[in-house]
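Computed over heavy atoms, backbone and side chain alike; hydrogens, waters and symmetry mates excluded. Only a predicted model underlies this, so the values are computations on that prediction, with no experimental measurement involved.
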Amino acid sequence: MLRIVFALLVALASGAQAQELRVGLASEPTAMDPHYHNLSPNNSLLSHIFESLVGQDERQRLTPDLAESWKVIDATTWEFKLRRNVRFHDGTPFTADDVIFSFERAPNVEGSPSSFGIYARGKTFVKVDDHTLHVKTKEPYPLMPNDVSQVFIVSRKHGQGAKTPDYNSGKAAIGTGPYRFVEYTPGNRIVVQRNDEYWGEKPVWQRVAFRGIKSDPSRVAALLAGDVDLIDEVPAVDMARLKKDPKLSIAQTVSNRIIYLHLDHFRDDSPFVQGKDGKPIKNPLRDVRVRRAISMAIDRDAIVSRVMEGQAIKAGQLLPEGFFGVSPKLKPVAYDANGAKKLLAEAGVPNGFRMTIHAPNDRYPNDAKIAEAVGQMLTRIGIETQVVTMTQGVFFRDASTGSPDKGPKFSFILVGWGSGTGEASSPLKSLLATFDREKGMGASNRGRYSNPQMDKFLNEALATVDDTKRADLLARATEVAIEDVGIIPLHYQVNTWAMRRGFTYQPRTDEYTLATGVGKAK
């Protein structure tokens, strides 16, 4: 009898364990407020709790989400038909009022390090009825479905007056998604519970515990010890060993994320640029010859092969081949240290200068090592480069602070960008468009780059409905910005997940680690 009871208890425990998924994340979200920080770790995790009008599949193709359908009504009006019988986690019906509230709130969150204003501003939402919305713009705007896929819909009832701490505590974290908020303990874990009243396909996992494990060795060790079932951002140095382990399996795909360098284009007196003697000098980064010299001094092949262990693809523009708006003319800049020195001499700084590169040390695969490699390469051509790295929370706070008059805090940074819309308009609008807080343009333009010709091509593209013409305009805008070295592309990441045998994962170009993409092997 005791044996039967014991066997039953073991079976029940095993069944409960089979319903819980444990995930090790390289980068945890900075908040539970879905409008606080336009950052992939935030958007990835919060998509379990909140949803947008339009969704994206693993290749970033648009799919119906809270909107069942959408269409153009006239040249400047889109119509969205909302799903009926959708309820928030507290049972409140989802209506057009929640959508309007969300798009009013998204650009105006206090202290946001990277705003969602770029997707919300310039649009007028008109309620036709509880489940029909018209979205109007001044000019034809073909990217409306892409834009609305980037803004999560929050509850108007719980969101009025709510600030980021109210979402972090769970008080306002009431969404319509497949999972409900349970716990958010920064630096420890985030827990969600299956929403059994979810309108869509029910998730496999009843409960999901996400653990932030930013240390690569610790994350791998947790997987090997069975403490977690799946990890993201598998360290390149461990890839060969993990692939041979019969207890594990690997999932990979090319990322839409570019790792790049942003430079101070804005100020004559840049805070972290000095002469070789340590005295102030006129900012040489404003000279395109210096920017080209920096790009030529970087050995991208060495970074890909040695730092990234082959788990990256060198970059010559904003997105890899195959994405919308990519230019066929742009190729990665070839390494040429002697050519770089000649350009520095032409620019009037033959002996170089001093500079500091700032970078996160826990956001992107090998981010600190990449910054160190770049610093060494620039030092070899005479640009003595000090490397300063910090946690992502501090980095993004300081890299984003400043004003249109004074500019951001840093002079030269290593950072990454994942194209949320799967086309070149995303990085062009956010990273390279002339900074305009009211229009939401240049929201992450931390170098305050500005090129009227690039802006012209981009604005024309954003008002062109014809896909072929729009793709050409985006490619031309990209060519202008890259040839002017608005940013310096380094490489595209290869997204990699590792999991215990018996689990599967659908790899995604947007890097998102979704419990809904984790299955049980047959």
Test: [X] and [Y] ion pair at under 4.0 Å:
X: K429; Y: D436; result: no
X: D97; Y: K127; result: yes
X: D57; Y: R61; result: yes
X: D229; Y: R500; result: yes
X: R508; Y: D232; result: no

Can you list, pair by pair, the side-chain donor-acceptor contacts under 3.5 Å of residues 468-477, counting residues two or more places apart and other chains?
| residue | atom | partner | partner atom | Å |
| --- | --- | --- | --- | --- |
| R470 | NH1 | D467 | OD1 | 2.7 |
| R470 | NH2 | E423 | OE1 | 3.2 |

Inset, instruction - With sequence neighbours left out, write down each residue that passes side chain to side chain contact (heavy atoms under 4.5 Å, CB included) with Q252, or none if nothing qualifies. - result: M239, K243, I250, Q311, V494, T496
Inset, instruction - Determine the minimum heavy-atom distance between E479 and S327, stating which atoms define it. - result: OE2-OG, 2.6 Å
May I have the list of side-chain donor-acceptor pairs in residues 80-87 shorter than 3.5 Å, sequence neighbours left out?
| residue | atom | partner | partner atom | Å |
| --- | --- | --- | --- | --- |
| K81 | NZ | T132 | OG1 | 3.1 |
| R83 | NE | D65 | O | 2.3 |
| R83 | NH2 | D65 | O | 3.4 |
| R84 | NH1 | H131 | ND1 | 3.4 |
| R87 | NH1 | G91 | O | 2.6 |

Inset, instruction - May I ask you to decide if S44's main-chain N or O and S47's side chain share a donor-acceptor pair within less than 3.5 Å? - result: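 Side chain of S47 to backbone of S44, a donor-acceptor pair under 3.5 Å: yes, one is there.
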Legend entry - Aromatic plane relationship, Y260 with H262 - under 30° parallel, 30 to 60° tilted, over 60° perpendicular: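 Perpendicular: the ring planes of H262 and Y260 meet at over 60°.
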Inset, instruction - Compute the centroid of each ring, for W497 and then for Y512, and state whether the two points are separated by less than 6.0 Å. - result: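 Ring centroids of W497 and Y512 are no less than 6.0 Å from each other.
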